Protein chains: 2
Amino acid sequence: MTDQLPRRPARISDVARLAGVSLGTVSHALNHPSRVRPATLERVNDAIRELGFVRNANASTLATGRSTNIGMVAIAFGNSMFVDIARGAQRVARNAGYNLLLAGSEDSYDTQGQFVQFFDEARVAGLLLAPMEDSSEHVDRMASHGRPVVLMNYDGPEDACRVVVDNEQVGYLAARHLIERGCRRITVFGGGDQFQPVQLRRRGIARAIEEAGGAVEVDAVTTDGLTPAAGEAAVAPIAAAAPDGRPDGLLCLTDAIAVGAIRGLQAAGVDVPGDMLVMGCDHNTQSWDGDVTLTTVAMRGLEIGETAMGLLLEELTTPASEHAHRRVVVEPRLEVRSSTTR
Amino acid sequence: MTDQLPRRPARISDVARLAGVSLGTVSHALNHPSRVRPATLERVNDAIRELGFVRNANASTLATGRSTNIGMVAIAFGNSMFVDIARGAQRVARNAGYNLLLAGSEDSYDTQGQFVQFFDEARVAGLLLAPMEDSSEHVDRMASHGRPVVLMNYDGPEDACRVVVDNEQVGYLAARHLIERGCRRITVFGGGDQFQPVQLRRRGIARAIEEAGGAVEVDAVTTDGLTPAAGEAAVAPIAAAAPDGRPDGLLCLTDAIAVGAIRGLQAAGVDVPGDMLVMGCDHNTQSWDGDVTLTTVAMRGLEIGETAMGLLLEELTTPASEHAHRRVVVEPRLEVRSSTTR
DNA sequence: TTGAAAGCGCTACCAG
DNA sequence: CTGGTAGCGCTTTCAA
């Protein structure tokens with residue numbers, strides 16, 4: 001309410017003058033309060049309060065060469081897994097006295113690179129990176145500047161610690177669930193086989209099918225991407241087929257695809273789950289806007305984030321020569337909802 | 001792959017030495033390339049590439065007193081509306097040459113304050129703030145340091161630009177929808193009346209009821225918070241009542257409450273939407289994990305974010321004396337799904 | 001316990 | 001067009 005003019009923020013020297021001490025003493029009061037006589041400390045703190053002094057973190061980082069900021073670049077926070085990861089990482093970071101800064105690359109490798117560059121310029125202490133493709137280039141850049149990187153949800157050749165989801169198991173759990181629910185003709189919807197998670201999920205599906213020992217027939221359809229639109233387009237021929245000419249289970253390699261597929265089926269009068277069971281993979285709440293809730297295989301985002309930040313902090317406090325990169329695997333979890341329940 | 005030792009990052013002076021020019025020239029090459037002879041520019045760029053030089057943004061911000069970073073503090077990115085807001089804001093910011101840094105306050109006023117402080121220390125150019133309660137304190141602090149703040153989704157006494165959702169309309173649309181679908185006995189679930197959106201939604205509900213001219217009976221139940229657990233607890237007596245002793249429509253003031261309520265009803269054998277229509281407000285995808293999809297009144301997050309960032313940029317480029325704070329209202333949108341469709 | 005001063009890396013002004 | 005140089009605000013020796 002007070003109509004404060006946007007005056008130049010107070011500096012340490014202003015505080016020093018008001019408190020009647022030297023600039024160095026104020027800095028000491030800020031950073032090593034115990035080395036300052038209580039009475040002096042109090043005068044300094046009064047002056048700080050009176051001036052509304054807020055320390056300039058840029059100058060501070062510049063002078064010390066240290067930063068308590070950690071950056072996180074994720075594919076897209078619209079995918080709720082990354083929100084969970086961020087929450088987990090945030091919590092661990094704050095407990096250790098670090099701040100976590102978030103940036104979403106919105107599915108673009110270029111944007112991801114820009115954010116990595118940004119955090120590099122900001123001289124963050126380290127980086128959490130959830131890439132969509134091989135990002136050695138970005139990782140190396142940070143690493144060569146002494147900024148450790150921990151990869152999340154991606155298993156690449158990069159020389160860094162990483163926390164990965166067992167995506168083979170994701171596929172396995174999904175396929176086994178459909179089989180257990182009675183499906184004998186399963187169609188797999190997926191595209192973008194350049195993406196590692198997709199490949200691994202396919203492998204897990206194959207394992208489940210094999211375990212079923214010939215009882216189950218599988219068919220793979222390559223969708224044009226991993227989006228709802230891709231799912232809807234790919235499902236058209238299936239939706240149009242005669243009841244006995246179509247699969248009884250549809251396994252979509254992402255939730256987004258599944259949502260589109262369900263929409264397409266319903267539009268053609270095929271009931272889900274009545275006529276066909278459908279499930280997704282990855283627990284992406286953003287895609288849940290149809291009118292059937294989706295069975296999916298979820299990632300434990302919180303756990304991924306906590307673990308990744310733990311690894312990063314470990315690397316930050318260990319002499320580089322003693323650090324050995326580690327790889328932690330987090331298991332997925334099946335979440336059954338109405339699209340496979342009848 | 002190359003085992004680069006984490007050597008001290010190159011500085012401008014290193015680049016200058018390698019390129020055989022002065023430090024000032026390198027700086028010029030970086031910031032005003034047109035003022036440098038092309039041949040020189042090229043030598044500088046070669047040196048930059050060779051050394052893997054990355055400019056220190058802290059030193060840069062310190063020297064110029066300017067920053068191209070903008071902070072955004074939102075209640076929680078688990079609520080997808082804030083993710084949408086961030087996406088919208090991000091896009092506008094990047095087009096204008098700014099970076100948007102995200103932080104989630106996780107429903108805590110203290111945490112929110114810490115992030116505001118953090119961005120203040122980082123000397124960001126401005127701040128986007130989506131608070132849960134009156135935050136004059138935080139807004140004033142930033143404003144008094146010459147950092148404009150734009151509020152989102154909150155209409156308080158703060159002296160700042162703001163983008164708000166017409167929450168009265170949210171309540172109105174919700175109630176009218178239930179009435180149009182035939183409900184004549186509506187129960188409203190909500191708690192936390194200290195929260196402004198909640199109050200406004202109630203007012204809109206009242207307007208819709210009034211319009212119905214006595215045809216509709218309303219009952220209000222105060223839940224213990226705005227969570228699924230609160231909804232589930234509050235619904236117990238209703239679920240236990242005889243069919244003719246219970247409402248035919250349940251209007252929950254948040255999606256989270258609605259999800260819990262549906263869970264409670266189903267557990268007691270009350271079918272949604274068969275026996276009772278249920279709807280939420282606020283389009284929070286995180287809460288959609290039941291097995292009925294939720295009709296809700298959604299906020300236009302992208303639009304909120306774009307508008308807010310637009311206002312901030314405007315304020316950033318207008319002399320303070322000429323700037324007049326503005327208030328923009330964004331209309332909500334009804335999204336009908338299965339919890340009110342039979 | 002406090003003060004003085006050097007320097008972190010960069011920008012921008014002013015000379016040449 | 002290029003070089004020299006004075007800070008930006010803070011931290012951190014080193015002396016007093």
Side-chain angles (χ1 to χ4, degrees), chain A residues 7-45 47-48 51-69 118 120-125 145-147, chain B residues 7-45 47-48 51-69 118 120-125 145-147:
Chain A
R7 56 163 188 271
R8 181 177 52 42
R11 297 154 303 175
I12 282 202
S13 59
D14 299 325
V15 175
R17 196 173 319 120
L18 182 60
V21 298
S22 87
L23 185 159
T25 301
V26 175
S27 181
H28 275 146
L30 250 26
N31 304 302
H32 313 281
S34 63
R35 289 187 207 163
V36 171
R37 189 166 8 120
T40 311
L41 189 57
E42 196 170 338
R43 290 220 316 286
V44 170
N45 284 333
I48 287 178
L51 293 172
F53 166 78
V54 175
R55 157 223 250 110
N56 185 328
N58 294 295
S60 180
T61 298
L62 180 58
T64 58
R66 280 186 300 274
S67 167
T68 58
N69 295 333
F118 169 79
D120 201 2
E121 291 187 358
R123 300 298 191 260
V124 294
H145 296 161
R147 274 178 265 295
Chain B
R7 56 163 188 269
R8 181 181 49 46
R11 297 153 303 174
I12 281 202
S13 58
D14 299 324
V15 175
R17 195 173 319 119
L18 182 59
V21 297
S22 86
L23 186 159
T25 301
V26 175
S27 181
H28 274 146
L30 249 26
N31 303 301
H32 313 280
S34 63
R35 289 187 207 162
V36 170
R37 188 167 10 119
T40 312
L41 189 57
E42 196 170 338
R43 290 222 315 285
V44 170
N45 285 333
I48 287 178
L51 293 172
F53 166 79
V54 175
R55 151 222 253 115
N56 185 328
N58 295 294
S60 179
T61 298
L62 180 58
T64 58
R66 280 187 300 274
S67 166
T68 58
N69 296 153
F118 168 79
D120 202 2
E121 291 187 357
R123 300 296 190 260
V124 293
H145 296 161
R147 273 177 266 295

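These figures come from a predicted structure and were not determined experimentally. Residue numbers begin at 1 in each chain, while the letters A, B, ... track the order of the sequences.
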Considering every strand and a 4.0 Å limit on heavy-atom distances, what is the contact class for Gly65(A): base, sugar-phosphate, or nothing?
nothing

Rounding to a whole Å, what distance do you find between Ile12(B):CD1 and dT2(D):C1'?
15 Å

OP1, OP2 of dC10(D) versus side-chain N and O of Asn56(A): anything below 4.0 Å?
no

Between its two end axes (five pairs each) the helix from dT1(C)-dA16(D) to dG16(C)-dC1(D) turns, nearest 10 degrees, through 40°

Between Ser27(A) and dT12(D), does any side-chain N or O lie under 4.0 Å from OP1 or OP2?
no

Which whole-number value in Å describes the distance from His145(B) NE2 to dG9(D) P?
13 Å

Can you work out whether Leu23(A) or Ser34(A) has the more 5'-proximal nearest nucleotide on DNA chain C?
Ser34(A)

Assign each of Leu41(B) and Thr25(A) the nucleotide of DNA chain D bearing its closest heavy atom; nearer the 5' end lies the nucleotide of Leu41(B)

With rounding to the nearest 0.5 Å, note down the distance linking CZ in Arg123(B) to CG in Asn58(B).
12.0 Å

Student check: side-chain heavy atoms of Val44(B) and Val36(B) closer than 4.5 Å
no

Strictly below 4.0 Å: does Arg55(B) bring a side-chain N or O up to OP1 or OP2 of dT11(C)?
yes

What's the verdict on side chain to side chain contact (heavy atoms under 4.5 Å, CB included) for Asn69(A) and Thr61(A), showing C-alpha distance, side-chain angles and the deciding distance?
CA-CA 10 Å; Asn69(A) 295 333; Thr61(A) 298; 5.8 Å; no

For dT11(D), does either OP1 or OP2 sit under 4.0 Å from a side-chain N or O belonging to His32(A)?
no

Taking only side-chain N and O atoms of Arg66(B), does any of them lie within less than 4.0 angstrom of OP1 or OP2 on dA12(C)?
yes

In whole Å, what is the span from the CZ atom of Arg35(B) to the P atom of dT11(C)?
13 Å

Taking only side-chain N and O atoms of Ser60(B), does any of them lie within less than 4.0 angstrom of OP1 or OP2 on dT11(C)?
yes

Over how many whole Å does the gap from Arg11(A) atom CZ to dC8(D) atom C1' extend?
10 Å

Any Thr40(B) side-chain nitrogen or oxygen under 4.0 Å from OP1 or OP2 of dT2(D)
yes

Could you check which of dG3(C), dA5(C), dT2(D) has an atom nearest any side-chain atom of Arg37(B)?
dT2(D)

Is Leu30(A) close to Ile48(A) at the side-chain level, that is, under 4.5 Å between some pair of heavy atoms?
yes

With the side chain counted from C-beta on, respond yes when Arg55(A) and Asn31(A) share a heavy-atom pair under 4.5 Å apart, and no when they do not.
yes

Could you tell me the separation between the NE2 atom of His28(A) and the C1' atom of dT13(D), rounded to a whole number of Å?
9 Å

Under 4.0 Å between any heavy atoms, over every strand shown, what does Asn31(A) touch: base, sugar-phosphate, or nothing? Just pick one.
sugar-phosphate

Let me know the distance between CG of Asn58(B) and C1' of dT11(D), rounded to the nearest Å.
14 Å

If you compare all heavy atoms of Ala125(B) against all heavy atoms of Ser67(B), which two are closest, and at what distance to 0.1 Å?
CB-O, 3.4 Å

Measure from the side chain of Ser22(B), starting at C-beta and using heavy atoms only, and say which of dG3(C), dC8(C), dG4(D) lies closest.
dG4(D)

Show the nearest heavy-atom pair for residues Leu62(A) and Asn56(B), with the distance to one decimal.
CD1-ND2, 4.0 Å

In short, Arg147(A) meets Val124(A) closest at the heavy-atom pair CD-O, 2.9 Å

Please tell me if Thr64(A) has a side-chain N or O lying less than 4.0 Å from either OP1 or OP2 of dT11(D).
no

Taking the minimum atom-to-atom distance to the side chain of Leu62(B), which one of dT11(D), dG9(D), dT11(C) wins?
dG9(D)

Nucleotide dC10(D), atom C1' - distance to CD1 of Ile48(A) in whole Å:
13 Å

